[in-house]
There are 2 protein chains.
Amino acid sequence: MKAAQLIPTALRHFASHGYEGASLNDIAQEVGIKKPSIYAHYSGKDDLFLKTMAYALGEQKKHLASYFVETRQLPLETSLKGFFDWFIEESNQNDQMKFILRIAYFPPVKLEHEVTALINPFFDSIHRHLARLFRERDRTEQILYSDDYTSGALAYLTVAEGTMTELVYNGIDAYQQRLTAVWPIFWRGLVR
Amino acid sequence: MKAAQLIPTALRHFASHGYEGASLNDIAQEVGIKKPSIYAHYSGKDDLFLKTMAYALGEQKKHLASYFVETRQLPLETSLKGFFDWFIEESNQNDQMKFILRIAYFPPVKLEHEVTALINPFFDSIHRHLARLFRERDRTEQILYSDDYTSGALAYLTVAEGTMTELVYNGIDAYQQRLTAVWPIFWRGLVR
DNA sequence: CATAAACTAACGACCGTTAGGAAGGTGAAT
DNA sequence: ATTCACCTTCCTAACGGTCGTTAGTTTATG
């Protein structure tokens with residue numbers, strides 16, 4: 001029963017080669033089965049891709065939530081800034097994020113609708129989660145400059161996406177360089 | 001001599017389908033020639049791709065430079081903020097930026113070295129250009145909080161990349177939403 | 001007349017997919 | 001306890017199609 005490895009393996013291939021560039025033959029070979037055996041578990045490449053996407057989104061949603069639950073009692077700055085450092089340590093999960101960022105920005109043309117139908121709620125959920133975090137913390141800490149928590153959360157999300165994309169492609173050094181450049185400015189702009 | 005249209009057409013196809021997903025047949029057909037005729041002008045798909053990339057980088061370099069030359073006399077904030085509005089109006093150039101962002105983040109695996117060898121100097125050049133702009137303007141306006149102009153420029157670049165990526169994929173509405181969220185915070189963090 | 005730029009035809013390789021069958025396990029009927 | 005049917009999971013073989021590429025030839029240009 002090699003089907004269990006199929007999705008994580010497909011995820012890595014889709015992440016680094018894209019939908020069109022990934023080969024079912026290569027994926028099967030890495031799992032240790034032949035290409036047609038994939039069809040015992042998935043109805044085709046589209047099906048495998050969409051199930052892989054659902055898996056990646058679900059895992060990342062849990063994974064990101066776990067961080068912000070763990071750091072619930074920390075100050076907002078520690079929590080927000082610490083996320084970036086935490087993300088490096090959890091770099092075994094980078095393939096999932098690389099996959100998500102890739103298909104979010106450049107989805108396969110023929111699956112564009114299906115992709116956005118799953119991706120948009122994912123980012124909206126994160127956005128709402130962050131906005132709620134901003135609002136709740138500001139109620140106790142009262143440090144934010146503006147009470148437009150939705151915009152604050154969206155700005156944080158933009159910075160996070162930009163730096164994470166840098167990480168998954170250009171590596172840790174470029175990531176930390178961007179981070180030390182952008183974080184102090186962002187935080188100064190956010191607080192009173 | 002349909003070769004002149006070949007690069008702009010290839011650019012659009014590479015931008016929206018990626019290297020692996022773009023088809024020489026489709027590109028040739030759109031130009032109005034047959035697929036093998038491409039080989040009268042380029043030695044193969046790799047060659048066409050790399051020449052397309054060189055073209056896109058060169059054009060965008062000129063195009064971006066033209067904006068910051070035009071706005072040389074304006075205040076720094078007007079110049080930096082205005083860039084985002086200008087970028088919308090010049091949306092006919094969006095395919096070039098979409099192409100560049102796509103291959104910068106997710107280059108074709110087999111051409112990774114050649115791509116990064118051209119992409120890194122491109123972004124470094126923009127980064128240096130921005131850092132110089134920050135330094136020169138701060139000498140006359142004296143408004144920036146920090147004299148670390150390199151970091152300031154890199155932070156601006158991160159924000160610009162994040163929002164532009166949003167534009168080329170998710171459209172103008174999402175772009176402006178991000179922009180109005182992130183710009184006030186970024187600028188507050190940047191100035192005294 | 002020479003050269004560039006297009007064409008047709010075809011190549012081998014790989015693509016995703018399907019058909020059909022072998023091996024193994026499960027569970028009900030004998 | 002044994003047999004039988006069934007289902008899952010894998011296999012081999014092969015399909016039609018598209019891919020990038022090459023060879024050889026014709027057309028157009030200058």
Side-chain angles (χ1 to χ4, degrees), chain A residues 1-56 99 102-103 106-115 118, chain B residues 1-56 99 102-103 106-115 118:
Chain A
M1 173 72 150
K2 302 296 186 63
Q5 311 170 29
L6 218 33
I7 286 209
T9 303
L11 187 136
R12 287 205 323 282
H13 283 248
F14 283 133
S16 53
H17 298 90
Y19 174 83
E20 294 92 349
S23 153
L24 291 184
N25 199 29
D26 293 351
I27 294 171
Q29 198 163 331
E30 191 172 316
V31 170
I33 62 177
K34 302 296 178 182
K35 176 174 55 160
S37 304
I38 293 178
Y39 288 76
H41 307 282
Y42 303 97
S43 71
K45 194 183 191 181
D46 293 5
D47 188 34
L48 176 61
F49 178 83
L50 292 173
K51 296 234 167 80
T52 300
M53 174 169 64
Y55 166 79
F99 173 85
R102 177 164 205 158
I103 65 171
F106 309 107
V109 181
K110 62 176 290 200
L111 297 177
E112 198 170 327
H113 286 102
E114 292 88 334
V115 167
L118 287 179
Chain B
M1 175 68 153
K2 302 296 186 65
Q5 312 170 28
L6 218 34
I7 287 212
T9 303
L11 186 133
R12 288 206 322 281
H13 281 249
F14 284 134
S16 54
H17 299 90
Y19 173 83
E20 295 91 350
S23 153
L24 291 185
N25 200 27
D26 293 350
I27 295 172
Q29 198 164 333
E30 192 172 317
V31 170
I33 61 177
K34 304 294 180 181
K35 176 174 57 163
S37 304
I38 294 178
Y39 288 77
H41 307 282
Y42 303 96
S43 73
K45 194 182 191 180
D46 293 6
D47 188 34
L48 176 60
F49 179 83
L50 292 173
K51 295 234 166 79
T52 300
M53 174 168 65
Y55 166 79
F99 173 85
R102 177 165 203 156
I103 67 172
F106 309 108
V109 181
K110 62 176 291 202
L111 296 177
E112 197 170 328
H113 286 101
E114 292 88 334
V115 167
L118 288 179

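Residue numbers start from 1 in every chain, and the chains themselves are labelled A, B, ... in the order their sequence lines are given, proteins ahead of strands. Remember, it's a predicted structure, so these values are computed and weren't measured experimentally.
- If you look at F99(A) and Y55(A), their ring centroids are not closer than 6.0 Å.
- Here the CD atom belonging to Q5(A) is positioned 13.0 Å from the CD1 atom belonging to I27(A), to the nearest 0.5 angstrom.
- Remark: C1' of dT21(D) and CG of D47(B) are 13 Å apart, rounded to the nearest angstrom.
- Counting heavy atoms from C-beta on, the side chains of L24(A) and L48(A) come closer than 4.5 Å.
- The stretch residues 36-43 of chain A comes close to DNA chain C through P36(A), Y39(A), each having a heavy atom under 4.0 Å from the strand.
- Between Y42(A) and I7(A) there is a side-chain heavy-atom pair separated by less than 4.5 Å.
- We find that CD of E20(B) is positioned 15 Å from C1' of dT18(D), with the value rounded to whole Å.
- For Y19(B) and dC19(D), the OH to P distance is 13 Å, given to the nearest whole Å.
- Contact annotation for A28(A): no contact, since no heavy-atom pair falls under 4.0 Å across all strands.
- With hydrogens and angles ignored, the 3.5 Å screen pairs no side-chain donor or acceptor of S37(A) with any backbone N or O of I33(A).
- Nucleotide dG20(D) holds its C1' atom 12 Å from the CD1 atom of I27(B), rounded to whole Å.
- Spacing between atom NZ of K34(A) and atom C1' of dC11(D) amounts to 9 Å, rounded to whole angstrom units.
- Nucleotides of DNA chain C that come within less than 4.0 Å of any heavy atom of chain A span, from the 5' end to the 3' end, dC15(C) to dT18(C).
- In this structure, K45(B) satisfies the cation-pi test against Y19(B), with its NZ or CZ atom closer than 6.0 Å to the six-membered ring centre and inside 45 degrees of the ring normal.
- When side chains are defined from C-beta on, H13(B) does not count as touching S23(B), because their heavy atoms never get closer than 4.5 Å.
- By the 4.5 Å heavy-atom criterion applied to side chains, F49(B) and V115(B) are counted as neighbours.
- Distance, L111(B) CG to dG20(D) C1': 14 Å, rounded to whole Å.
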